[in-house]
Amino acid sequence: MDRILQFNVSLYSYTPQGAEQLYKQAEMIYYRLRLYQILKTKETLSVDELKSELGDNPLKHLLDVEDNAEVRLARHLDYLSHWTLKIAYSNQQPMFFMKCELRWFKTRFNNMSHDQRMEFIKKNNLNLTPATDTEKSNLKLWGQNWYKFNFTEVTLLVKLRLYPMYKGFIFIPEHKLVFWLTEKLQKQLQSSLVHCRKMLPSTCDQLNMLINTFELVQPYSDTTSRSFKLCDLKKNVEHFPLCMKFQYENLEKKHHLKHFSRVQYGLFLKGLGLSLEEALKMWKTEFTKKMSERCFQKEYSYFFKHQYGTVGSKIKYKAQCCDTILEQSVPSGFVHGCPFKHWDASVLSVRLREDDVCDEDVRKILGLKQREQYRAACTTYFQSVCGCKLDDVIDHPVKYYDKSCSSIVDIEDLVLSDED
RNA sequence: GGCGGC
DNA sequence: GCCGCCAACATA
Ligand code: SF4
């Protein structure tokens with residue numbers, strides 16, 4: 001703990017021990033979320049600007065250079081709130097959390113004095129290898145101190161190719177050491193987030209409840225950017241991959257879908273940008289053709305709300321990828337899963353012909369199916385149906401949809417350019 | 001559909 | 001019988 005209070009930055013390596021007062025915790029969450037909000041809205045900020053944006057937020061003291069009681073208190077607050085929010089975000093938007101934290105670290109580290117920085121590195125047992133004299137003269141490294149790193153430690157700088165590289169090593173001047181540290185922090189956070197997520201069910205209820213009372217700051221442009229209107233569902237079904245087209249058809253025909261289909265198809269439509277309101281409308285109009293509205297509300301509506309993350313744990317579920325769909329078991333009588341895997345070859349080939357897949361492609365698809373290359377089979381199906389090539393194998397239904405839509409655009413372009 | 005609560 | 005909660009993860 002002493003080491004934590006010694007610097008304005010930290011790698012947050014150790015789980016904090018000892019419980020804080022609940023109101024104290026709430027306060028900490030609040031302050032850190034305010035920090036995230038700023039980082040999200042202002043892409044670039046100087047230290048001074050950030051400080052003034054923070055206003056009365058105690059975290060602003062981590063941008064101070066001096067060291068007093070107030071600053072130490074802020075460091076403590078920083079450490080604990082980092083962990084609470086890590087737990088909170090581990091389930092929701094880990095990437096967003098990561099981005100905020102890395103930027104926050106970088107800003108603070110850059111703001112520290114030279115001595116503090118080197119001391120921080122030393123105290124955290126991070127080994128620096130200074131460039132030797134011969135290396136310096138060979139690679140013409142003048143001026144200040146240069147350090148030697150393995151490529152894997154500073155991949156970003158390696159990519160930029162700004163500094164001398166030699167046999168798997170790169171040499172970096174002292175004032176660029178942040179890049180090394182942020183990458184270290186990034187790796188640590190990655191595994192820590194995974195760990196937190198696994199532990200989430202067993203974290204104490206008090207903490208969970210507390211977290212839930214806060215509205216976590218969400219990144220821009222996730223589901224918000226995309227939108228899919230129910231009214232043009234019909235005309236877009238042609239762009240759906242076979243697995244989803246089949247869900248659509250069954251829903252139309254039977255006015256019902258079983259549980260796993262609801263998961264698969266519901267998340268897919270959500271992935272396309274269908275709003276919760278419209279989704280509920282869709283399921284309701286279909287389902288109530290065979291059941292009372294009251295029954296729908298009681299049996300099914302909660303499910304879809306949960307799917308959209310508006311109730312319960314408020315998890316923002318993403319659409320299933322092909323691998324998940326392929327792994328499902330599909331007992332007879334169920335319609336979910338991937339046609340290229342779960343359908344009988346004869347059933348599949350009938351369907352393929354119905355969709356005007358040429359004989360050659362039908363054979364190819366069935367061959368791929370036999371060799372368990374289901375996604376490749378799907379890709380072939382795509383090429384046959386859309387009449388255009390793909391450079392990658394399909395690995396996600398939503399991607400299939402996007403590519404199918406843009407393939408139409410391609411063809412329109414072709415037609416247009418043909419005309420003049 | 002599964003789990004859980006009354 | 002009433003009710004609540006869960007699943008996912010590509011992605012430039
Ligand atoms: S490969 Fe993927 S997208 Fe294609 S049908 Fe199967 S699950 Fe659907």
Side-chain angles (χ1 to χ4, degrees), chain A residues 89-99 159 190-191 193-198 200-203 205 208-209 211-212 218-226 228 239-241 243-244 247 250-251 254 256-274 276 279 283 287 291-292 294-338 374-375 378-379 382 390-406:
Chain A
Y89 276 96
S90 68
N91 214 5
Q92 316 237 346
Q93 299 285 356
M95 274 313 167
F96 176 74
F97 170 82
M98 181 87 101
K99 269 198 198 139
K159 248 184 243 161
Q190 243 149 23
S191 60
L193 279 162
V194 175
H195 187 244
C196 283
R197 188 172 48 213
K198 284 193 194 134
L200 200 59
S202 59
T203 34
D205 294 345
N208 270 327
M209 294 224 311
I211 290 171
N212 274 320
Q218 298 289 333
Y220 285 132
S221 79
D222 187 38
T223 53
T224 49
S225 55
R226 200 180 244 280
F228 185 95
H239 297 297
F240 287 10
C243 56
M244 299 305 172
Q247 306 309 309
N250 274 280
L251 182 57
K254 314 244 183 72
H256 191 71
L257 282 183
K258 302 217 190 176
H259 175 257
F260 292 104
S261 290
R262 296 198 294 267
V263 174
Q264 181 173 317
Y265 190 44
L267 285 176
F268 172 72
L269 291 175
K270 180 189 172 192
L272 298 191
L274 186 69
L276 171 59
W283 294 106
F287 278 34
M291 69 177 68
S292 70
R294 170 190 156 77
C295 177
F296 176 82
Q297 299 293 7
K298 274 211 296 247
E299 301 284 323
Y300 301 101
S301 72
Y302 183 92
F303 175 91
F304 296 111
K305 288 179 193 161
H306 173 79
Q307 188 162 67
Y308 274 75
T310 62
V311 290
S313 61
K314 301 197 178 165
I315 296 172
K316 304 285 185 297
Y317 292 109
K318 300 201 184 236
Q320 294 175 316
C321 61
C322 290
D323 286 330
T324 314
I325 296 173
L326 285 163
E327 284 325 309
Q328 310 250 2
S329 71
V330 185
S332 67
F334 289 78
V335 297
H336 64 275
C338 171
Y374 309 114
R375 294 177 313 148
C378 180
T379 312
F382 176 102
L390 285 181
D391 347 282
D392 314 298
V393 174
I394 295 293
D395 64 343
H396 197 290
V398 175
K399 264 204 229 170
Y400 183 112
Y401 173 82
D402 288 338
K403 298 205 179 189
S404 176
C405 288
S406 57

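The basis for the numbers below is simple: all heavy atoms, side chains too, and nothing from hydrogens, waters or symmetry mates. Just so it is clear, the structure is predicted and the values come from calculations on it, not from any experiment. Lettering of chains follows the sequences in order, A, B, ..., and the numbering in each one begins at 1.
Contacts between residues 320-331 of chain A and DNA chain C, defined by a heavy-atom separation below 4.0 Å, involve Gln320(A), Cys321(A), Thr324(A), listed by number.
Atom CG of Asp391(A) and atom P of dA12(C) are 15 Å apart (whole Å). Across the protein-nucleic acid pair, Tyr308(A) atom OH and dA8(C) atom P stand 17 Å apart, rounded to whole Å. Rounded to an integer number of Å, the gap from His396(A) NE2 to dC9(C) P is 6 Å. The nearest whole Å value for the distance from the CG atom in Leu269(A) to the C1' atom in dA7(C) is 16 Å. Across the protein-nucleic acid pair, Arg197(A) atom CZ and dA8(C) atom C1' stand 10 Å apart, rounded to whole Å. Per the geometry, CG belonging to Leu193(A) stands 18 Å off P belonging to dC9(C), to the nearest Å. If you measure from atom CG of Leu267(A) to atom C1' of dA8(C), you get 6 Å, rounded to the nearest angstrom. Remark: P of dC5(C) and NZ of Lys314(A) are 10 Å apart, rounded to the nearest angstrom.
Two residues, Gln92(A) and Val311(A), neighbour DNA chain C, and the one matched to the more 5' nucleotide by heavy-atom proximity is Val311(A). DNA chain C is contacted by both Gly271(A) and Phe304(A); Phe304(A) maps to the nucleotide lying nearer its 5′ end (nearest heavy atom per residue).
Contact annotation: Lys298(A) reaches the phosphate of dC2(C) (side-chain N/O to OP1 or OP2, under 4.0 Å).
Of the listed nucleotides (dC2(C), dG4(C), dT11(C)), dG4(C) has the atom at the smallest distance from the side chain of Tyr302(A). Here the side chain of Lys399(A) is nearest to one of dA7(C), dC2(C), dA10(C), namely dA10(C). Closest approach to the His306(A) side chain among dT11(C), dC5(C), dC9(C) is made by dC5(C) (side chain taken as heavy atoms from C-beta onward).
For the pair Gln92(A) (side chain) and Lys316(A) (backbone), a donor-acceptor distance under 3.5 Å is absent. The main-chain N or O of Tyr317(A) is found under 3.5 Å from a side-chain atom of Lys270(A) such that the two form a donor-acceptor pair.
Within the 4.5 Å cutoff, no side-chain heavy atoms of Leu257(A) are placed close to those of Gln264(A). For the pair Gln307(A)/Leu267(A), a side-chain contact is recorded, criterion being any heavy-atom separation below 4.5 Å from C-beta on. Within the 4.5 Å cutoff, the side chain of Thr379(A) has no heavy atoms near those of the Tyr400(A) side chain.
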List the protein contact pattern of nucleotides 1-6 of chain B with one symbol per nucleotide (5' to 3'): B for base contact, S for sugar-phosphate-only contact, - for none; contact means a heavy-atom distance under 4.0 Å. B-----
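Under 4.0 Å is where a charged nitrogen must lie from a carboxylate oxygen, and between Asp392(A) and Lys399(A) no such pair does.
dA7(C) sits 15 Å from rG4(B) when the P atoms are compared, rounded to a whole Å.
Relative to the six-membered ring of Phe303(A), Arg262(A) meets both conditions, a distance below 6.0 Å and an angle of at most 45° to the axis.
The side-chain hydrogen bond (donor to acceptor under 3.5 Å, both in side chains) contacts involving residues 320-338 of chain A comprise nothing, where partners must be two or more places apart or lie in separate chains.
The distance from atom SG of Cys338(A) to atom CD1 of Ile394(A), rounded to the nearest 0.5 Å, is 11.0 Å.
Trp283(A) and Phe287(A) have perpendicular rings, their planes meeting at more than 60° on a 0 to 90° scale where under 30° would count as parallel.
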